Every structure is written in C-alpha cells, then in structure tokens.
Amino acid sequence: MSEFLRNVRFWFAPDRVRDEGDTPDYRFSLANERTFLAWLRTALALIGGGFAVDQFLPELRWAWRVGLALALLGAGVLCSLRAINHWVRCERAMRRGEDLPASRFPALLSLVVGVVAVAMVFVVLVGWEG
C-alpha cells in the first residue's frame with residue numbers, strides 16, 4: 001500500500017496520529033498547522049482564479065479559456081489534497097522523531113502556475129480572439 005493511501009485514514013481521524021510516538025513541542029505542531037492553512041489558502045486562490053478565467057473572460061477563445069481554467073482548478077484540487085496529506089506526514093514524522101518528509105509537489109505546483117502565467121501573457125499579447 002502506498003504511503004499516500006496509508007495516510008488517508010488519518011485525514012478523518014487526526015486523533016489516531018496522537019497514538020504514534022511522542023508529543024512534539026506544540027510550537028512545531030502549530031507551525032505544521034499554519035503551513036496546512038497556507039496550502040489551503042493557495043488552493044482557494046487557484047480555484048478562484050480558475051473560476052475567474054472561465055466567468056470573466058468570455059471573449060477568450062473557448063479552448064484557451066477552458067484549458068486555463070481547468071489547469072487552475074486542477075492545481076487547486078491537487079493543492080488541497082496535498083495540504084492534508086503533507087500535514088499528516090509531517091505530524092507523524094515529528095512524533096516519531098524522523099526527518100520531515102521531502103516533497104516534489106511545490107516544484108510541480110510552481111511549474112503549473114508558471115505555465116498558466118506564460119499562457120496568460122501570450123493571450124494578453126496576442127489578444128482575446130487569438
């Protein structure tokens with residue numbers, strides 16, 4: 001079973017995380033929670049951007065509008081799922097006295113946002129009708 005699937009059970013039962021290892025300094029747990037909330041804010045911004053592209057750019061070609069909106073919406077969904085999984089992984093690692101888990105997700109998210117930004121620059125320079 002993958003690490004991701006093992007962690008899903010903790011998403012809805014965070015009290016079970018307390019059964020593992022020792023309680024870390026509360027400052028670290030609170031910092032982990034703030035990081036989780038920052039990821040959720042990022043997810044909400046991406047989702048809002050996706051809806052904004054779809055609703056407020058009707059003159060934009062359909063394929064461009066839908067493509068950009070779906071890229072932003074998809075990134076928002078992935079970001080929100082990654083937030084809870086990262087919180088669980090970090091909390092478990094702190095309780096076990098292990099190193100915090102490394103992740104490639106920030107790089108992936110940065111690439112998606114960068115590609116969407118470059119596409120938007122292209123759309124602005126070329127014009128709405130393409």
Side-chain angles (χ1 to χ4, degrees):
M1 182 185 298
S2 75
E3 181 75 17
F4 179 80
L5 293 177
R6 278 195 296 266
N7 287 331
V8 169
R9 64 188 169 130
F10 292 107
W11 293 7
F12 302 103
D15 289 339
R16 292 180 64 188
V17 174
R18 292 182 183 169
D19 296 337
E20 295 195 21
D22 299 319
T23 301
D25 186 332
Y26 289 110
R27 292 174 292 182
F28 299 126
S29 289
L30 293 172
N32 190 27
E33 185 176 336
R34 284 191 301 273
T35 302
F36 166 74
L37 294 173
W39 279 104
L40 283 185
R41 285 190 300 272
T42 301
L44 288 171
L46 290 165
I47 291 167
F51 279 119
V53 166
D54 184 53
Q55 294 299 310
F56 298 119
L57 300 176
E59 295 85 23
L60 188 60
R61 261 191 178 165
W62 182 85
W64 276 101
R65 190 178 77 234
V66 170
L68 293 172
L70 288 178
L72 289 169
L73 290 168
V77 168
L78 289 176
C79 193
S80 64
L81 293 175
R82 182 66 181 136
I84 186 64
N85 193 53
H86 186 72
W87 176 84
V88 167
R89 291 174 63 211
C90 287
E91 194 66 28
R92 290 177 73 200
M94 287 189 296
R95 289 179 166 279
R96 294 175 178 169
E98 299 171 354
D99 289 339
L100 293 179
S103 174
R104 291 183 189 102
F105 186 75
L108 175 67
L109 182 63
S110 296
L111 288 173
V112 168
V113 171
V115 167
V116 170
V118 168
M120 288 301 294
V121 167
F122 177 76
V123 166
V124 168
L125 290 176
V126 173
W128 296 126
E129 297 302 321

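Just so you know, these numbers come straight off a predicted model, no measurement behind them.
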Checklist entry - Could you go step by step and tell me if C79 and F105 meet the side chain to side chain contact (heavy atoms under 4.5 Å, CB included) rule? => result CA-CA 8 Å; C79 193; F105 186 75; 4.3 Å; yes
Next on the checklist: Under a 4.0 Å threshold between the charged nitrogen and the carboxylate oxygen, would E20 count as salt-bridged to R92?
Outcome noted: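 Answer for the salt bridge query: yes.
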Nearest heavy-atom neighbours spanning [X] and [Y]:
| X | Y | value |
| --- | --- | --- |
| P58 | R65 | O-NH1, 3.6 Å |
| A43 | S80 | CB-N, 3.7 Å |
| V112 | A71 | CG1-O, 4.2 Å |
| P101 | H86 | O-CE1, 4.3 Å |
| A69 | V53 | N-CG1, 4.0 Å |
| C90 | N32 | CB-OD1, 3.5 Å |

Any non-hydrogen side-chain atom of [X] less than 4.5 Å from a side-chain atom of [Y]?
| X | Y | answer |
| --- | --- | --- |
| L46 | L109 | yes |
| L72 | D54 | no |
| W39 | N85 | no |
| W87 | T35 | no |

Next on the checklist: Is it the case that atom CG in D99 sees more than 12 heavy atoms from other parts of the structure closer than 6.0 Å?
Outcome noted: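 Check fails, neighbour count at 12 or below.
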Checklist entry - So does R27 have more than 12 non-hydrogen atoms from other groups sitting under 6.0 Å from CZ? => result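 Incorrect, the count does not exceed 12.
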Next on the checklist: Evaluate V123 against L57 for side chain to side chain contact (heavy atoms under 4.5 Å, CB included), listing each step before the verdict.
Outcome noted: CA-CA 11 Å; V123 166; L57 300 176; over 6 Å; no
Item to check | CD-CZ distance between E91 and F28, expressed to the nearest 0.5 angstrom | outcome: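 One gets 11.5 Å once the value is rounded to the nearest 0.5 Å.
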Going only through I, L, V, M, F, W and Y residues with side-chain contacts under 4.5 Å, is there a path from [X] to [Y]?
| X | Y | result |
| --- | --- | --- |
| L60 | V116 | yes |
| L78 | L70 | no |
| F51 | L44 | no |
| F36 | L81 | yes |
| L37 | V17 | yes |

Item to check | Full working for side chain to side chain contact (heavy atoms under 4.5 Å, CB included) between R95 and D22 | outcome: CA-CA 5 Å; R95 289 179 166 279; D22 299 319; over 6 Å; no
Checklist entry - Under the side-chain hydrogen bond (donor to acceptor under 3.5 Å, both in side chains) test, which residues partner T42, sequence neighbours left out? => result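 Not a single residue meets the side-chain hydrogen bond (donor to acceptor under 3.5 Å, both in side chains) criterion with T42.
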Item to check | Flag for S103-R82: side-chain donor and acceptor within less than 3.5 Å | outcome: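 The answer is yes; a qualifying pair exists.
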